[in-house]
Participant: 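To start, I am sharing the structure in question, which I have written as structure tokens.
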Amino acid sequence: VIAAATVRPHVVVVGAGFGGLNAVKALAGATVDITVIDRRNFHLFQPLLYQVATATLSPGDIAHPIRSILRGQRNLREIRLGAVSAIDTIEQTVGLEDGTVVDYDYLIVAVGATHNYFGHDDWAPDAPGLKSIEDALDIRRRIVETLEATEREGGSPPPFVVVGAGPTGVELAGAIADTVRHDVTAEYRRSTPASARIVLVDRAPRILPSLSARSSTAAADQLTDLGVEIRLGTGVADVRPGHVVLDDGTDIPAALVIWAAGIAASPLARHLPAELDPVGRVRVGPDLSLPADRRVFVVGDVASIGDTPAVAPAAIQQGRHAALQIRRDLAGAPRTSFRYRDRGSLATIGRGRAVADLGGIGLRGRGAWVLWLVVHLAALVGFRNRVSVLTSWLWDLATKVRRPVRLITGPPRWDRVRTPATEPAPPNPADPTAEHPDRRPR
Ligand SMILES: Cc1cc2nc3c(=O)[nH]c(=O)nc-3n(C[C@H](O)[C@H](O)[C@H](O)COP(=O)(O)OP(=O)(O)OC[C@H]3O[C@@H](n4cnc5c(N)ncnc54)[C@H](O)[C@@H]3O)c2cc1C
């Protein structure tokens, strides 16, 4: 009995994103041993990914090694680099893709979400989403390659289309407009990037539906100022190489289509003995544990509880709440219910402008952008990253010249890129031999 009482429960945290990392930190000093498992060795600050995709920030500005973040945590037993592919709640184990198995007493699942093509996963190669550093670098490469390809022939670049007018889509469209229509214009001689069409498409009747109608209108005005064309009330009917077809029949010959239209929970959710919501998120109990298993918590984008949104503050609060429940168990105290504290919503629109809803107060323009800047800097992990990002933004604002991270990385292929103007007629999608630049061997 004495031996059992001195054994420290083993808490396994899968995913070191916002939810997982905050759970681990909130367990600092608790009488537990913690193992963190993540398939990446770094924590990624996804809210600024769009700035990597549009060549303002470098990947290292928004990513931080997990080992470095947690180096001072004494009850951390291990950080394991690997992808979890199985969870056995009877045996209380998680299985990794490399075949290893890790036992747990408590499990916190914080594996986040992925893109949702709503049944059209075949569109993914031609309409990439933005979720990882690799996605961001791929989009950056496609943008810069399009500018280079257009320069060879002169004229205007083909349209850039962003599907989904939530915060990610709005921020992306604004930043692409800034980069393509404003920042690079003096650098190209034969082509006219300033005349590029940036089209933002959404089935909804207004952009930024999670913000107030006034903020939505203000954001739409700011986007229009930047030269973004907003197409509302129409979804996407088809995506083919170099083309996007809208529900209303419009066929846009696009240089790049970016998918920012929705998220689906990580497929790992399906390994848990719980009900899933329509986008695959795990329906958790009020304390964030599984209704069928109190030892398993699910937090962040992969968890479904009431109308809590899939945003970073919710994941952070849930990670901390799960940690608190484990502490309460150890102290013999009853569990408590999670309540999301919504401190407001922000979205930036291009350089130096934003909209913000804070309770009943709406902010627009420069004031909202300063608030956005402070909130994002405070949330960014790592002092060096904060200094680097702040320097980039202030430099941008002061000089109106973005720090040019317009690098084409990866194996050379820009000379093979074609603009839709030179692209042959779109291949028949039924033809498996149909050629597309992005499907050619690299
Ligand atoms: C482009 C973009 C912009 C966004 N902008 C904003 C914003 O402005 N404001 C805001 O509040 N929110 C924003 N979000 C949403 C926010 O980033 C998420 O809500 C938040 O990251 C969710 O945290 P999480 O811990 O649930 O998941 P994540 O932060 O996604 O972390 C999941 C972790 O789990 C790891 N993982 C996944 N699967 C496995 C596996 N099988 N095995 C091991 N490890 C695994 C991943 O590597 C990752 O480290 C944005 C998201 C994106 C993609």
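Whatever order the structure lists them in is the order used to number ligands and atoms, beginning at 1.
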Participant: Do I143 and R140 have side-chain heavy atoms sitting under 4.5 Å apart?
Facilitator: no
Participant: Using a 4.0 Å cut-off to any heavy atom of G300, which atoms of ligand 1 qualify?
Facilitator: 26 (O)
Participant: Go through ligand 1 atom by atom and flag the ones less than 4.0 Å from a non-hydrogen atom of G15.
Facilitator: 33 (C), 34 (O), 35 (C)
Participant: Examine the side chains of H321 and Q317 and answer whether a donor and an acceptor come within less than 3.5 Å of each other.
Facilitator: no
Participant: Look at the aromatic rings of W372 and W369 and report parallel, tilted or perpendicular, splitting at 30° and 60°.
Facilitator: parallel
Participant: For ligand 1, which atoms sit closer than 4.0 Å to a heavy atom of P313?
Facilitator: 11 (O)
Participant: How far is atom 44 (N) of ligand 1 from the closest protein heavy atom, and which atom is that?
Facilitator: R39 N, 3.2 Å
Participant: Return the closest protein heavy atom for atom 8 (O) of ligand 1 as residue, atom name and distance.
Facilitator: P47 CB, 3.6 Å
Participant: Is there any N or O on Q46 that sits under 3.5 Å from an N or O of ligand 1?
Facilitator: yes
Participant: Identify, for atom 15 (C) of ligand 1, the protein heavy atom at the shortest distance, and state residue, atom and that distance.
Facilitator: A310 O, 3.9 Å
Participant: Indicate the ring-plane relationship of H376 and F45, choosing parallel, tilted or perpendicular according to the 30° and 60° boundaries.
Facilitator: perpendicular
Participant: Under 4.0 Å from any heavy atom of K131, which atoms of ligand 1 are there?
Facilitator: 53 (C)
Participant: Taking atom CG of D307 as the centre, does the number of heavy atoms from other residues, nucleotides or ligands within less than 6.0 Å exceed 12?
Facilitator: no
Participant: Just go through D38, V52, L21, V298 and tell me whose heavy atom is the nearest to atom 47 (O) of ligand 1.
Facilitator: D38
Participant: Quick one: do the D247 and T234 side chains pair a donor with an acceptor below 3.5 Å?
Facilitator: no
Participant: Please determine if R353 and D225 form a salt bridge, counting it only when a charged side-chain N lies under 4.0 Å from a carboxylate O.
Facilitator: yes
Participant: Would you say V84 has any N or O atom under 3.5 Å from an N or O of ligand 1, going by distance alone?
Facilitator: yes
Participant: What is the closest protein heavy atom to atom 20 (C) of ligand 1, and at what distance does it sit?
Facilitator: F18 CD1, 3.6 Å
Participant: Which of the listed options, P167, A315, A312, holds the heavy atom that is closest to atom 23 (O) of ligand 1?
Facilitator: A315
Participant: Could a heavy atom of L130 be found less than 4.0 Å from some atom of ligand 1?
Facilitator: yes
Participant: List ligand 1 atoms under 4.0 Å from A83, heavy atoms only on the residue side.
Facilitator: 42 (N), 43 (C)
Participant: In ligand 1, which numbered atoms sit nearer than 4.0 Å to a non-hydrogen atom of G82?
Facilitator: 42 (N), 43 (C)
Participant: Suppose we measure from atom 19 (O) of ligand 1 to each protein heavy atom; which comes out shortest, and what is that distance?
Facilitator: D301 OD1, 2.8 Å
Participant: Which of the numbered atoms in ligand 1 are under 4.0 angstrom from any heavy atom belonging to A110?
Facilitator: 32 (C), 33 (C), 34 (O)
Participant: Quick test: of every protein heavy atom, which one is nearest to atom 25 (O) of ligand 1, and how far off is it to 0.1 Å?
Facilitator: G19 N, 2.8 Å
Participant: Quick one: does any side-chain atom of R386 pair with a main-chain N or O of L380 as donor and acceptor, under 3.5 Å?
Facilitator: yes
Participant: Mark up the atoms of ligand 1 that fall under 4.0 Å of a heavy atom belonging to R40, in ascending order.
Facilitator: 47 (O)
Participant: Mind checking whether F18 and H43 have parallel, tilted or perpendicular rings, split at 30° and 60°?
Facilitator: perpendicular
Participant: Please tell me whether R406 and T179 have a donor and an acceptor in their side chains that are separated by less than 3.5 angstrom.
Facilitator: no
Participant: Just need the protein heavy atom nearest to atom 31 (O) of ligand 1, so name the residue and atom and give the distance.
Facilitator: G17 CA, 3.2 Å
Participant: Do you see a donor-acceptor pair shorter than 3.5 Å between the side chains of S388 and T391?
Facilitator: no
Participant: Is the count of non-hydrogen atoms from other residues, nucleotides or ligands lying under 6.0 Å from R328 atom CZ greater than 12?
Facilitator: yes
Participant: Among protein heavy atoms, which sits nearest to atom 37 (C) of ligand 1, and what does the distance come to when rounded to 0.1 Å?
Facilitator: V111 O, 3.2 Å
Participant: For the residue pair T409 and R141, confirm or rule out a side-chain donor-acceptor distance under 3.5 Å.
Facilitator: no
